[in-house]
Amino acid sequence: MNENKTNINWYPGHMAKTKKQIIEDLKLIDIVIEILDARVPLASQNPDIEEIIKDKNKIIVLNKSDLADNNITNRWIDFYKNKGIKAIAVESNNSKGIKDVIEAIKLEYESIKEKYMQKGRIGKAIRVMVLGIPNVGKSTFINSIAKRNTAKVGNKPGVTKQKQWIKVTNEIELMDTPGMLWPKLENKTYAMHLAFVGTIGENAIDKEEIAYYLLEYLIKNYPERITERFNIELEEKETMDVLEEIARKRGAIISGGNINMQKISDIILNEFQNGKLGRITIELPR
Ligand SMILES: Nc1nc2c(ncn2[C@@H]2O[C@H](COP(=O)(O)OP(=O)(O)OP(=O)(O)O)[C@@H](O)[C@H]2O)c(=O)[nH]1
Ligand SMILES: [Mg+2]
């Protein structure tokens with residue numbers, strides 16, 4: 001999973017520049033698709049998204065839902081529905097849910113058509129942009145939704161900055177470059193959750209710390225998965241004792257019989273991130 005980790009450093013100047021570019025691009029856009037990681041919908045939301053997209057209509061894609069707990073994903077969909085936002089569970093890597101997104105775009109557009117008709121925009125395609133923090137699957141989603149016709153629609157004349165568009169259907173065009181937003185790193189809990197799913201790596205938080213807290217979460221919320229996967233009884237055990245037991249079972253031991261913390265941390269993180277522990281969600285709707 002290492003190749004997935006972002007190496008971007010979001011310093012204030014960089015964030016301001018990115019924000020300005022996205023706000024500029026949004027002038028051409030009718031509907032925003034905000035991609036979240038279904039396992040961590042709170043942590044994977046950019047902190048300034050509402051301010052950036054202002055009153056644009058938005059559809060939420062809960063991506064990587066193949067790795068998330070299905071029941072909780074449905075609860076998230078209800079949660080957003082109660083807020084008047086359409087959210088859709090998607091597996092971009094196998095195109096599941098993509099059709100629903102196309103339908104949702106058309107439906108969403110019906111509700112804003114009036115506004116655009118008054119601006120003389122009728123007859124043109126619905127223009128969509130994908131936004132999200134690193135590693136949520138923006139590129140995979142774009143490839144998936146554009147699959148039937150990846151041909152570039154061509155430059156639009158009359159705009160200062162020439163943009164490429166991808167034709168999704170006869171009615172829908174997608175901006176070819178997704179807007180990459182910065183993650184929530186000031187909040188320790190969210191940063192840890194992003195580290196669990198591999199979006200931010202060891203250079204941000206110590207890997208052993210990430211694996212320890214992930215294991216603690218799993219013991220509390222998905223104990224049967226730990227028991228099953230590592231063949232371990234959990235009753236009354238401290239997280240550190242469980243970690244040690246897993247390390248012994250997996251041969252993550254150094255000379256002298258101590259635990260190889262690096263190795264066991266890698267094992268726990270990789271098995272979680274690759275779905276070997278089953279479908280797991282870290283954040284629940286309140
Ligand atoms: N299991 C699973 N993996 C996915 C899904 N969508 C994307 N991925 C994987 O997640 C990783 C990141 O996907 P990208 O499409 O590169 O994400 P991105 O948002 O474009 O990332 P940046 O360009 O770095 O911001 C890749 O390894 C994808 O294969 C999904 O629905 N399910
Ligand atoms: Mg990308």
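First listed ligand is number 1; within each ligand, the first listed atom is number 1.
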Which option, Lys96, Arg39, Lys64, owns the non-hydrogen atom nearest atom 4 (C) of ligand 1?
-> Lys64
Rounded to the nearest 0.5 Å, how far does CD1 of Ile268 lie from NZ of Lys207?
-> 11.5 Å
Metal site the Mg ion (ligand 2): N/O/S of Ser139 inside 2.8 Å | yes
Where the closest heavy atom to atom 3 (N) of ligand 1 is concerned, which of Asn93, Leu131, Val130 has it?
-> Asn93
Does the Gln45 side chain pair with the main chain of Leu36, one donor and one acceptor, at a distance under 3.5 Å?
-> no
Passing candidate, side-chain hydrogen bond (donor to acceptor under 3.5 Å, both in side chains) with Ser144, options Ser139, Ser95, Ser92 | Ser95
What atoms of ligand 1 come within less than 4.0 Å of a heavy atom belonging to Leu67?
-> 1 (N)
Validate the cation-pi geometry between Lys184 and Tyr190: distance from NZ or CZ to the six-membered ring centre under 6.0 Å, angle to the ring axis within 45°.
-> yes
Below 4.0 angstrom, N of the basic side chain to O of the carboxylate: do Glu108 and Lys58 qualify?
-> no
Ligand-residue contact atoms, ligand 1 with Ser92, heavy atoms, under 4.0 Å | 6 (N), 30 (C), 31 (O)
For atom 20 (O) of ligand 1, the option (of Ser139, Gly275, Ala89) bearing the nearest heavy atom = Ser139
Within the structure, does Glu91 bring an N/O atom to less than 3.5 angstrom of an N/O atom in ligand 1?
-> no
Rounded to the nearest 0.5 Å, what's the gap from CG on Leu131 to CE on Met129? Could you check?
-> 5.0 Å
Based purely on interatomic distance, does Ser65 place a nitrogen or oxygen under 3.5 Å from a nitrogen or oxygen of ligand 1?
-> no
Of all the atoms in ligand 1, which lie at a distance below 4.0 Å from a heavy atom belonging to Pro134?
-> 25 (O)
N/O donor-acceptor pair under 3.5 Å between Arg39 side chain and Phe196 backbone | no
Quick check: does Met180 get an N/O under 3.5 Å from an N/O on ligand 1?
-> no
